[in-house]
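All chains are named by letter (A, B, ...) in the order of the sequence lines, taking the proteins before the strands, and each is independently numbered beginning at 1. The analysis underlying the following values was restricted to heavy atoms, covering all of them including side chains, and did not include hydrogens, waters or symmetry mates.
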Number of protein chains: 2
Amino acid sequence: MGSRWGINRTVGQIYALLYVSPKPLCADEIVEALGISRSNVSMSLRELQAWRLVLLSHKPGDRREFFSAPDDVWQILRTLIEERKKREIDPTLSVLREILMQDPQGESERFAQRRMTEMHGLIEQLTTWYDDVKQLDTQRLATLLGLGSRISRLLDASDKIVSVGRRKTKDGKGRV
Amino acid sequence: MGSRWGINRTVGQIYALLYVSPKPLCADEIVEALGISRSNVSMSLRELQAWRLVLLSHKPGDRREFFSAPDDVWQILRTLIEERKKREIDPTLSVLREILMQDPQGESERFAQRRMTEMHGLIEQLTTWYDDVKQLDTQRLATLLGLGSRISRLLDASDKIVSVGRRKTKDGKGRV
DNA sequence: CACGGAGTTCAGAAATTTCTGAAACTTCTA
DNA sequence: TAGAAGTTTCAGAAATTTCTGAACTCCGTG
C-alpha cells in the first residue's frame, strides 16, 4: 500500500504488519509473515527505530526483541512528520540560506535569488506554524481540524482580536 | 536539492531551473543548461504538465514551446499538494474503505480492522480539513499561519463561538 | 511532395536502490 | 570457555527506476 511516505516498500510492509498486529512481533515472525530475508528484516527494523516509529519490548526469560507500533495513530503521524521535517525540510532550508548569503552576480542571478527568497519565506512560514501547532495536544488539534470551513469566519474575528489587541470583540462576523 | 517531493531527480532539476529562470525556456535551452538528453527533457516536461506545475507559452512566428513556473509560490504549493493528494491519499483512502467493507474473520482480523478504522478516520479528518482550508485565499491562509501559537487561545474562544452560536463573545482570552 | 525543425516514443543501457546469504559479532548459559 | 540463540554487517545479486539514442510523427514551407 502507500509506500511513498519517505520509506521503502519493505519497511512500509513491516510497519503495516506491526500496526495491525494485536501483539508485539519478533524478527522471525516478521520473516515468516512477509516471506523476506532475515537480514532485510533486521535492517528494516533498524530503519524504523531510526525513525522512532516502533516500540521495543521483551518477554521475561526470552532474549528476543519484540517490536510494535504505538497505539495512538496521532502519535505515529506526529513522529512521522517530525522525522521527515528533520530529514528533508531542515536541510533544504539551510541550503537555501547559504545560497541567499552569497551576492548575486548579474541580472538573472538577482532574479533567481528573489525567487529563492520567496521559497525560503514560504517554507519558513510553514515550519514556524507547524512548530507552534505541534505543541497542541491531540484533543485540541482535533477541534481545530473539525472547525474546518468555520475557520474562515473565525479568522475574520481574529483579525480584530489581533489588531485591536485585548479589547472586546463586537461580533463574530467580521468584515470582507 | 529537495528531490523527495514525489517526483524524480531530473524533473526536480528542470522545475528548479524554470522556477529561477526570469523568462520561459524552450526544451533545447533546458537540454543545454542541464546537460541531459532531449528525450529526457521531453518526458520530464510531460510529467510536469501532468502535475499542472508548468505554464506553456509561445512566441509569435516560432513553433517552439516555452515553459515556465507560475509566479506565485503559494499557487505552486497548492498545486503540488492537490496533485499528491489525488495520487497518493485518495487511492489509499479507497483501498482502506474496501478493506473495511469486508467482515473480519477471527480475532486478529478484528483487531486489524479496528486499527485500519482508526487510520482511515485520521486520514479522513485531515483531508476534510484540507478541503476546507484550501478554499481560503492566500491572504487569509497567511493570516492563519501567522497566528501560530495564538491559535490555541483562539481555539478556546471558538469553543464559545461555536457552542453559543452567534452570540457576542465576552473577551478574547478564553479559559484554561 | 520532399525537406527540416520541433516534439514524441520506446527498447535497451546505465544508474540506483533494495535484498540476500554467509560470515561475524554478542550475550547468556552450562 | 564452548556453544547456542539471537542479531548485525556487508559484498555482491536482483530488482527497479531513470536515461539515452535512434527512429518516428507531425506540421508548415519552398
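We find that CZ of Arg64(A) is positioned 19 Å from P of dT27(C), with the value rounded to whole Å. Taking atom CG on Leu56(A) and atom P on dT7(D), their separation rounds to 10 Å, with Å as the unit. When the P atom of dC27(D) is taken as reference, atom NE2 of His58(B) falls 13 Å away, rounded to whole Å. Atom CD1 in Ile7(B) sits about 15 Å away from atom C1' in dT17(D), given to the nearest Å. The separation between Ile30(A) atom CD1 and dT20(C) atom P is 14 Å, rounded to whole Å. If you take CD of Glu47(B) and C1' of dG7(C), they are 17 Å apart, rounded to a whole angstrom. At whole-Å resolution of the value, CZ in Arg9(B) and P in dT20(D) are 11 Å apart. For Ile36(B) and dA14(C), the CD1 to P distance is 18 Å, given to the nearest whole Å.
When the nucleotides dT7(D), dC19(D), dC19(C) are ranked by their closest atom to the side chain of Glu65(A), dT7(D) comes out on top. Taking only side-chain atoms of Asn40(B), from C-beta outward, the nucleotide of dG21(C), dT20(D), dT7(D) with the closest atom is dT20(D). Counting only heavy atoms from C-beta on, Asn8(B) has its side chain closest to dC19(D) among dT9(D), dA6(C), dC19(D).
Annotation: of the two residues near DNA chain D, Cys26(A) and Thr10(B), the 5′-most nearest-nucleotide partner is Cys26(A).
The pair Arg97(B)-Glu124(B) meets the salt-bridge criterion, with a side-chain N (NZ, NE, NH1 or NH2) lying under 4.0 Å from an Asp/Glu carboxylate O. Using a cutoff of 4.0 Å between basic side-chain nitrogens and carboxylate oxygens, Arg115(B) and Glu118(B) are scored as salt-bridged.
Base contact: Arg63(B) has a heavy atom under 4.0 Å from a base atom.
Applying the 4.0 Å criterion to OP1 and OP2 of dT7(D), one finds that Arg38(A) has a side-chain N or O inside that range. For dT8(C), neither phosphate oxygen OP1 nor OP2 lies less than 4.0 angstrom from any side-chain nitrogen or oxygen of Ser39(B). Taking only side-chain nitrogens and oxygens, Arg46(B) comes nearer than 4.0 Å to OP1 or OP2 of dT8(C). Dashed line: the shortest gap from a side-chain N or O of Ser37(B) to OP1 or OP2 of dG21(D) is not under 4.0 Å.
With hydrogens and angles disregarded, no donor-acceptor distance shorter than 3.5 Å links the side chain of His58(A) to the backbone of Phe66(A).
Hydrophobic cluster membership is shared by Val20(B) and Ile14(B), with clusters built from Ile, Leu, Val, Met, Phe, Trp and Tyr side chains linked at under 4.5 angstrom.
A cation-pi arrangement is present between Arg87(B) and Trp51(B), with the terminal nitrogen or guanidinium carbon under 6.0 Å from the aromatic centre and inside a 45° cone about the axis.
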